[in-house]
*Asks:* 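What follows is a single structure, and I will ask about it in a moment.
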Amino acid sequence: MNRRALFFDIDGTLLSEITRQVPESAREALKQARALGHLVFVNTGRPRGSLGEIMKMVEPDGWLCGCGTYLEAGGRVLYHRTMAKEQVERLCRAMEEANVDGILEGRDGCYVGTAESRFPVGMELRYSPRSSVRSMDWNKSCGVVEKFCFLADEASDLAGLFKKLEPDIQVIDRGRGFYECVPAGHSKATAIDRILKEYDLSLQDAVVFGDSTNDLAMFRHVPNAVLMGRHDAELEPYASFVTKNVEEDGIRYAMETLGLLK
């Protein structure tokens, strides 16, 4: 058996966005793959501090967080890229001037401004008892920041903001006015390359699983790409296999069909 490195997105891939659970079939499939000698990694846009309950649901060999800005494997931090305080302050001012609602993301969690938000998602982040996001004054320290997101609408100056972000920040359009922003040179694909080098594996040894546009970098990069049944159409040209929805045991179905559980 050839040892494989398996990389899983969280939301919509491992974790159902309907039930907010990882199906038991997926949990068992990941355990079985590891028992067979494969390596299992969670490769997510979430920062390490926002993994929450997912850490109780699955036990991988490593956590690749913040679109490649934080890598932890084998109980060690392999890589951690943070943004300078001055850069974060400039970005906060730029987001305020562009009339967007920003969310800063870092090793210890996520932060939003103290002002009221006109966006339903922004209000939920501030006031939902389930939210782990903290409100803060943009002019004060918010801890370590690795990446950020923002919410925008027709009242936002997107063109002006994008111009201020170039060339240091890569913007991922997640749709419906939600944008994910990552320091240039970082992505889920760069995270995979670092892990493959660490374990002396090739791209052909990698298999990725995803569903949304922030998985696009790893789908373009890795030949073996499993697309969930419910997915963003932008990933379709790069998928080597389309599986079922996460709630329909899509993870186990793909792993069995591809021979990863033998």
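Numbers here simply count residues along the sequence, with the first being 1. Only heavy atoms go into these numbers, but all of them, side chains included; no hydrogens, no water, no symmetry mates.
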*Asks:* Less than 4.5 Å apart, side chain to side chain, heavy atoms only: is that true for M123 and V121?
*Replies:*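 No, every pair of side-chain atoms sits at 4.5 Å or beyond.
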
*Asks:* Ignoring hydrogens and angles, tell me if any N or O in the side chain of E97 forms a donor-acceptor pair with the backbone of A94 under 3.5 Å.
*Replies:*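 It does not hold such a pair.
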
*Asks:* Minimum heavy-atom separation for Y199 to A73, with atom names?
*Replies:*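 In terms of heavy atoms, the two residues are closest at OH-CB, 3.7 Å.
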
*Asks:* With a 4.5 Å cut-off on side-chain heavy atoms, are E105 and V144 touching?
*Replies:*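 A side-chain contact under 4.5 Å is absent here.
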
*Asks:* Check whether F7 and V40 end up in the same hydrophobic cluster, where Ile, Leu, Val, Met, Phe, Trp and Tyr are linked by side-chain heavy atoms less than 4.5 Å apart.
*Replies:*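 In one cluster with F7: V40, no.
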
*Asks:* Does a salt bridge link E247 with R230, judged by any charged N lying under 4.0 Å from a carboxylate O?
*Replies:*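 Salt bridge flag = yes for R230 with E247.
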
*Asks:* Assess whether side chain to side chain donor-acceptor pair (under 3.5 Å) is satisfied between T82 and E146, documenting all intermediate values.
*Replies:* CA-CA 5 Å; T82 62; E146 297 155 352; over 6 Å; no

*Asks:* Establish whether V242 and F8 are linked, either directly or via other cluster members, by ILVMFWY side-chain heavy-atom contacts under 4.5 Å.
*Replies:*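 Looking at the clustering, F8 is in a separate group from V242.
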
*Asks:* With a 3.5 Å cut-off and no angle check, do the side chains of H186 and Q170 form a donor-acceptor pair?
*Replies:*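 Their side chains do not contain a donor-acceptor pair, so the 3.5 Å distance test is not met.
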
*Asks:* Any Lys/Arg nitrogen of E72 or R48 sitting under 4.0 Å from an Asp/Glu carboxylate oxygen of the other?
*Replies:*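 Here E72 pairs with R48 in a salt bridge, since their nearest N and O are under 4.0 Å apart.
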
*Asks:* Test salt bridge (Lys or Arg N to Asp or Glu O under 4.0 Å) on R252 and E256; report intermediate values, then the result.
*Replies:* CA-CA 6 Å; R252 184 168 192 93; E256 286 180 337; 2.9 Å; yes

*Asks:* Output, in order, the C-alpha distance, side-chain angles, deciding distance and verdict of side chain to side chain contact (heavy atoms under 4.5 Å, CB included) for F150 and L161.
*Replies:* CA-CA 11 Å; F150 63 84; L161 180 57; 3.7 Å; yes

*Asks:* Do F241 and Y238 share a hydrophobic cluster (ILVMFWY, side-chain heavy atoms under 4.5 Å, transitive)?
*Replies:*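 No.
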
*Asks:* Which of these, R4, R34, R3, sits in a salt bridge (Lys or Arg N to Asp or Glu O under 4.0 Å) with D61?
*Replies:*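 With D61 as partner, R4, R34, R3 yield a single salt bridge (Lys or Arg N to Asp or Glu O under 4.0 Å), made by R34.
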
*Asks:* Check the pair D249, K244 against side chain to side chain contact (heavy atoms under 4.5 Å, CB included), reporting the backbone distance first and the verdict last.
*Replies:* CA-CA 7 Å; D249 300 324; K244 302 175 183 180; over 6 Å; no

*Asks:* Mind checking whether D9 and V42 have side chains closer than 4.5 Å, heavy atoms only?
*Replies:*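 Not touching, per the 4.5 Å side-chain cut-off.
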
*Asks:* List the steps, then state whether side chain to side chain contact (heavy atoms under 4.5 Å, CB included) holds for L64 with K188.
*Replies:* CA-CA 8 Å; L64 319 181; K188 290 187 177 184; over 6 Å; no

*Asks:* What's the verdict on salt bridge (Lys or Arg N to Asp or Glu O under 4.0 Å) for E28 and K31, showing C-alpha distance, side-chain angles and the deciding distance?
*Replies:* CA-CA 5 Å; E28 289 302 317; K31 287 181 183 178; 3.8 Å; yes

*Asks:* Would you say CD of E59 has more than 12 non-hydrogen atoms from neighbouring residues, nucleotides or ligands within 6.0 angstrom?
*Replies:*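 Not buried by this count: 12 neighbours or fewer within 6.0 Å.
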
*Asks:* What heavy-atom pair brings E17 and G12 nearest, and what distance separates the two atoms?
*Replies:*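 For E17 versus G12, the nearest heavy atoms are CG-N, 3.6 Å.
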
*Asks:* Give a yes or no on whether the backbone of V22 and the side-chain of R27 come within a donor-acceptor separation of less than 3.5 Å.
*Replies:*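 Yes, the answer is positive, given that a donor and an acceptor are paired below the 3.5 Å cut-off.
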
*Asks:* Tell me whether R194 is salt-bridged to E198, with the criterion being a basic N under 4.0 Å from an acidic carboxylate O.
*Replies:*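 Answer for the salt bridge query: no.
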
*Asks:* So, D211 versus T13: side-chain donor-acceptor pair below 3.5 Å or not?
*Replies:*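 T13 and D211 do have a side-chain donor-acceptor pair below 3.5 Å.
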
*Asks:* Quick one: are V88 and L104 in side-chain contact, heavy atoms under 4.5 Å?
*Replies:*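 Yes, at least one pair of side-chain atoms sits under 4.5 Å.
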
*Asks:* Do S156 and N99 pair up side chain to side chain, a donor and an acceptor below 3.5 Å, judged on atom types alone?
*Replies:*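 Absent: no donor and acceptor within the cut-off.
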
*Asks:* Would a single hydrophobic cluster contain both V77 and Y79, if residues Ile, Leu, Val, Met, Phe, Trp and Tyr are joined by side-chain heavy-atom contacts under 4.5 Å?
*Replies:*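 Different clusters.
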
*Asks:* Can you find a pair of side-chain heavy atoms, one from L30 and one from M57, that are under 4.5 Å apart?
*Replies:*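 SC-SC contact between L30 and M57 ruled out.
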
*Asks:* Is there side-chain contact between F148 and M95, with heavy atoms separated by less than 4.5 Å?
*Replies:*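 Yes; the side chains approach each other to less than 4.5 Å.
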
*Asks:* Evaluate the criterion salt bridge (Lys or Arg N to Asp or Glu O under 4.0 Å) for residue pair D157 and K163; output intermediate values, then yes/no.
*Replies:* CA-CA 10 Å; D157 178 16; K163 187 174 182 180; over 6 Å; no

*Asks:* Does a side chain donor of either D193 or T190 reach within less than 3.5 Å of an acceptor in the other side chain?
*Replies:*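 No, because no side-chain N or O of D193 sits under 3.5 Å from a partner of the opposite role on T190.
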
*Asks:* Got a donor-acceptor contact below 3.5 angstrom from the S240 side chain to the A225 backbone?
*Replies:*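 Indeed, once roles are kept as given, a pair shorter than 3.5 Å links the two residues.
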
*Asks:* Indicate whether the side chain of E234 and that of T213 have a donor and an acceptor atom separated by less than 3.5 Å.
*Replies:*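 There is no such pair (donor and acceptor under 3.5 Å, judged by atom type) between the side chains of E234 and T213.
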
*Asks:* Could you state the interatomic distance from CG (L260) to CG (L36), rounded to the nearest 0.5 Å?
*Replies:*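 Here the interatomic distance stands at 9.5 Å.
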
*Asks:* Step by step, would you call R126 with D101 a salt bridge (Lys or Arg N to Asp or Glu O under 4.0 Å)?
*Replies:* CA-CA 11 Å; R126 285 164 173 78; D101 190 7; 2.9 Å; yes

*Asks:* Can a salt bridge be assigned to the pair R174 and D232 using a cut-off of 4.0 Å between side-chain N and carboxylate O?
*Replies:*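 Here R174 does not pair with D232 in a salt bridge, since their nearest N and O are not under 4.0 Å apart.
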
*Asks:* Under the 3.5 angstrom rule, does the side chain of K147 hit a backbone N or O of G45 as a donor-acceptor pair?
*Replies:*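 Checked: pair present.
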
*Asks:* Does any non-hydrogen side-chain atom of F162 lie less than 4.5 Å from one of Y179?
*Replies:*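 Yes, close enough: below the 4.5 Å cut-off.
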
*Asks:* Would R46 and E180 pass as an ion pair if we require N to O under 4.0 Å?
*Replies:*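 Here R46 does not pair with E180 in a salt bridge, since their nearest N and O are not under 4.0 Å apart.
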
*Asks:* Do R76 and L78 pass the side chain to side chain contact (heavy atoms under 4.5 Å, CB included) test, and can you show the C-alpha distance, the side-chain angles, and the key distance before you say yes or no?
*Replies:* CA-CA 6 Å; R76 296 185 298 121; L78 303 182; 3.5 Å; yes

*Asks:* May I ask you to test the N43-M218 pair for a side-chain heavy-atom distance under 4.5 Å?
*Replies:*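 Yes; the side chains approach each other to less than 4.5 Å.
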
